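Just so it is clear, the model here is predicted, and its values are computed rather than measured.
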Amino acid sequence: MSARLLTHLRHVDLAVPDYDKQLDFYAGVWGLTKVAEDSGISFLAAEGSPEQYVVRLRKAEEKRLDLVSYGAATPADVDTLAEQLLSGGVQLITQPGQVDTPGGGYGFRFFDVDGRTIEVSADVAVRQHRKIEEKESIPVKLSHVVLNSPDLERTRQWYEQHLGFRLSDSLSSPHMGEVMHFMRISNQHHSMALAKGPHASLHHVSFEMRGIDEYMRGSGRVIRAGFQKIWGPGRHMAGDNTFTYFLDPHGNTVEYTTELECLDEDTWHPHVYDFSQPEVTDQWGTANPMNELVAKESFNDPDRGCFVAPPV
């Protein structure tokens, strides 16, 4: 396992055919703020986050996950990670250098074991942000991303070996074996999770709300706007966070959450939870049952971006 050089999740970048519809969703009912737009690319920030943006949308002929971006503490750490990845046989897309997106910075891109584009950067300018007020039901920040992988153990081992992720908890069942690993790069229970799926794809992107009331108000707003709710509201056992999952206009799953667990890394031991037990998937018992229909939506479409770097 490599030393941990990543600090946090920065943003998730999506390519979408119906760009205007997606932009209306994320900058409208979902509650993000459009901070920049240029030639079919838009950058969307969360009002409570110091990140320049948490979602990037790019107009494209095919839907795909363009990239997942993480932060590093210093440019020196970026260089160290690039050297480690090269020596470990990882394919770099770009060499470390200046980042030409809002906030600038110093970073590089590479492929993970499933062919997803990953970006790591440091020295990105901090965006002016603010405290989210009581009853203000918009995202505070990006919480986590979950990725589908056809070879769950290989992908977990790759992220542990090359990027310093650590296992927090796993989901399993007597009939399917292990189906999800929750992975961390800080004391936050997970910044990323890996799900067992039929193909490499985006499982879901999760956004942190101010509190339970704001989470419920936001969930209600999206329901009233007529967007499809897949699952929730409820509270998971792994991570102890709340959840309501929706489909965005192009069938990507997005989540409102709050109160994701922060753990003591020195004393934490990973659990294996049996997700066939209803209290594991939803401690409250308020969500619709987890079934094949819910799982199928989260498989998403096969990602056309595997081992193909985004054009920008």
Side-chain angles (χ1 to χ4, degrees), residues 9-46 51-70 91-94 97-105 107-121 124 139 142 144-150 192 195 197-207 227-228 230 245-255 296-312:
L9 178 65
R10 285 198 190 278
H11 52 86
V12 175
D13 297 9
L14 305 172
V16 292
D18 196 339
Y19 171 80
D20 292 333
K21 187 179 289 187
Q22 284 285 77
L23 182 56
D24 286 347
F25 172 79
Y26 283 102
V29 69
W30 198 251
L32 300 180
T33 300
K34 185 176 75 172
V35 293
E37 185 174 18
D38 180 38
S39 303
I41 297 178
S42 57
F43 301 87
L44 299 141
E51 291 298 322
Q52 291 286 329
Y53 58 99
V54 295
V55 170
R56 188 190 81 169
L57 298 176
R58 179 177 64 87
K59 187 174 184 178
E61 290 185 5
E62 283 193 308
K63 166 186 170 182
R64 60 169 280 180
L65 172 63
D66 267 351
L67 64 84
V68 179
S69 177
Y70 294 95
Q91 182 182 350
L92 300 194
I93 300 168
T94 61
Q98 292 305 118
V99 177
D100 188 24
T101 46
F108 72 110
R109 295 177 180 179
F110 54 93
F111 290 124
D112 77 1
V113 69
D114 291 323
R116 280 174 284 262
T117 299
I118 308 297
E119 180 182 84
V120 175
S121 61
V124 177
L142 186 62
H144 58 270
V145 62
V146 180
L147 306 170
N148 289 312
S149 174
M192 176 192 70
H199 44 251
S201 61
L202 177 66
H203 186 284
H204 74 266
V205 185
S206 181
F207 298 81
F227 291 95
Q228 183 180 347
I230 303 172
Y245 297 93
F246 296 91
L247 290 182
D248 77 7
H250 277 294
N252 296 307
T253 301
V254 288
E255 177 190 31
K296 186 179 178 183
E297 294 290 3
S298 296
F299 287 156
N300 211 330
D301 303 314
D303 197 338
R304 305 299 181 189
C306 291
F307 293 108
V308 179
V312 289

Discussion item. If we count only N and O atoms by modelled type, under 3.5 Å, do the side chains of Glu119 and Ser69 hold a donor and an acceptor together?
Written reply: yes
Worksheet entry | Expected output: side-chain His203 to main-chain Ser149 donor-acceptor under 3.5 Å | no
Worksheet item: Are any non-hydrogen side-chain atoms of Pro17 and Glu62 less than 4.5 angstrom apart?
Response: no
Worksheet item: Hey, does Asp66 have a side-chain heavy atom less than 4.5 Å from the side chain of Arg58?
Response: yes
Worksheet item: Quick one: are Asp18 and Val16 in side-chain contact, heavy atoms under 4.5 Å?
Response: no
Practice prompt. Answer yes or no: is there a donor N or O on one side and an acceptor on the other, between the side chain of Arg56 and the main chain of Thr101, under 3.5 Å?
Written response: no
Practice prompt. Of all the heavy-atom pairs spanning Gly107 and Val99, show the shortest one and how long it is.
Written response: N-CG2, 3.4 Å
Could you tabulate the donor-acceptor pairs under 3.5 Å formed by side-chain atoms of residues 304-312, not counting sequence neighbours?
none

Discussion item. Please determine whether side chain to side chain contact (heavy atoms under 4.5 Å, CB included) holds for the pair Val145 and Tyr70, giving the CA-CA distance in whole Å, both sets of side-chain angles, and the decisive distance to 0.1 Å.
Written reply: CA-CA 11 Å; Val145 62; Tyr70 294 95; 4.1 Å; yes
Response to the item:
Which of Leu142, Leu44, Leu9 passes side chain to side chain contact (heavy atoms under 4.5 Å, CB included) with Val54? It is Leu142
Would you tabulate the side-chain donor-acceptor contacts of residues 25-33 under 3.5 Å, counting partners in other chains and residues two or more places apart, or write 'none'?
{"residue": "Tyr26", "atom": "OH", "partner": "Asp248", "partner atom": "OD2", "Å": "2.7"}
{"residue": "Thr33", "atom": "OG1", "partner": "Glu47", "partner atom": "OE2", "Å": "2.7"}

Worksheet entry | 4.5 Å side-chain heavy-atom contact, His11 and Leu67 | yes
Discussion item. The test is side chain to side chain contact (heavy atoms under 4.5 Å, CB included); show your working for Phe227 and Leu247 and say whether it passes.
Written reply: CA-CA 7 Å; Phe227 291 95; Leu247 290 182; over 6 Å; no
Fill in: Nearest heavy-atom neighbours spanning Val124 and Gly104
CG2-O, 3.4 Å
Worksheet, complete the sentence: When Asn148, Asn300, Asn252 are each screened for side chain to side chain donor-acceptor pair (under 3.5 Å) with Ser201, the one that passes is Asn148
Fill in: Nearest heavy-atom neighbours spanning Asp112 and Ile118
CB-CG1, 4.1 Å
Discussion item. Nearest 0.5 Å, please: how far is CG in Leu14 from CG in Leu65?
Written reply: 6.5 Å
Fill in: Non-hydrogen atoms of Gly103 and Gln52 that approach each other most closely
CA-CG, 3.5 Å
Practice prompt. List the atom of Pro150, the atom of His199, and the distance in Å for their closest heavy-atom pair.
Written response: CD-C, 3.9 Å
Worksheet entry | Atom pair NZ/OG of Lys34 and Ser42 - distance to nearest 0.5 Å | 7.0 Å
Worksheet item: Quick one: does Lys63's side chain have a donor or acceptor within less than 3.5 Å of a partner on His250's backbone?
Response: yes
Fill in: Residue pair Ile230, Phe246: steps toward the side chain to side chain contact (heavy atoms under 4.5 Å, CB included) verdict
CA-CA 5 Å; Ile230 303 172; Phe246 296 91; 5.9 Å; no
Worksheet, complete the sentence: Tightest non-hydrogen contact, residues Ile41 and Tyr19, listed as C-OH, 3.4 Å
Discussion item. To the closest 0.5 Å, what do you measure between CZ (Phe207) and CD (Glu255)?
Written reply: 10.0 Å
Worksheet item: Any side-chain heavy atom of His204 within less than 4.5 Å of one from Val254?
Response: no
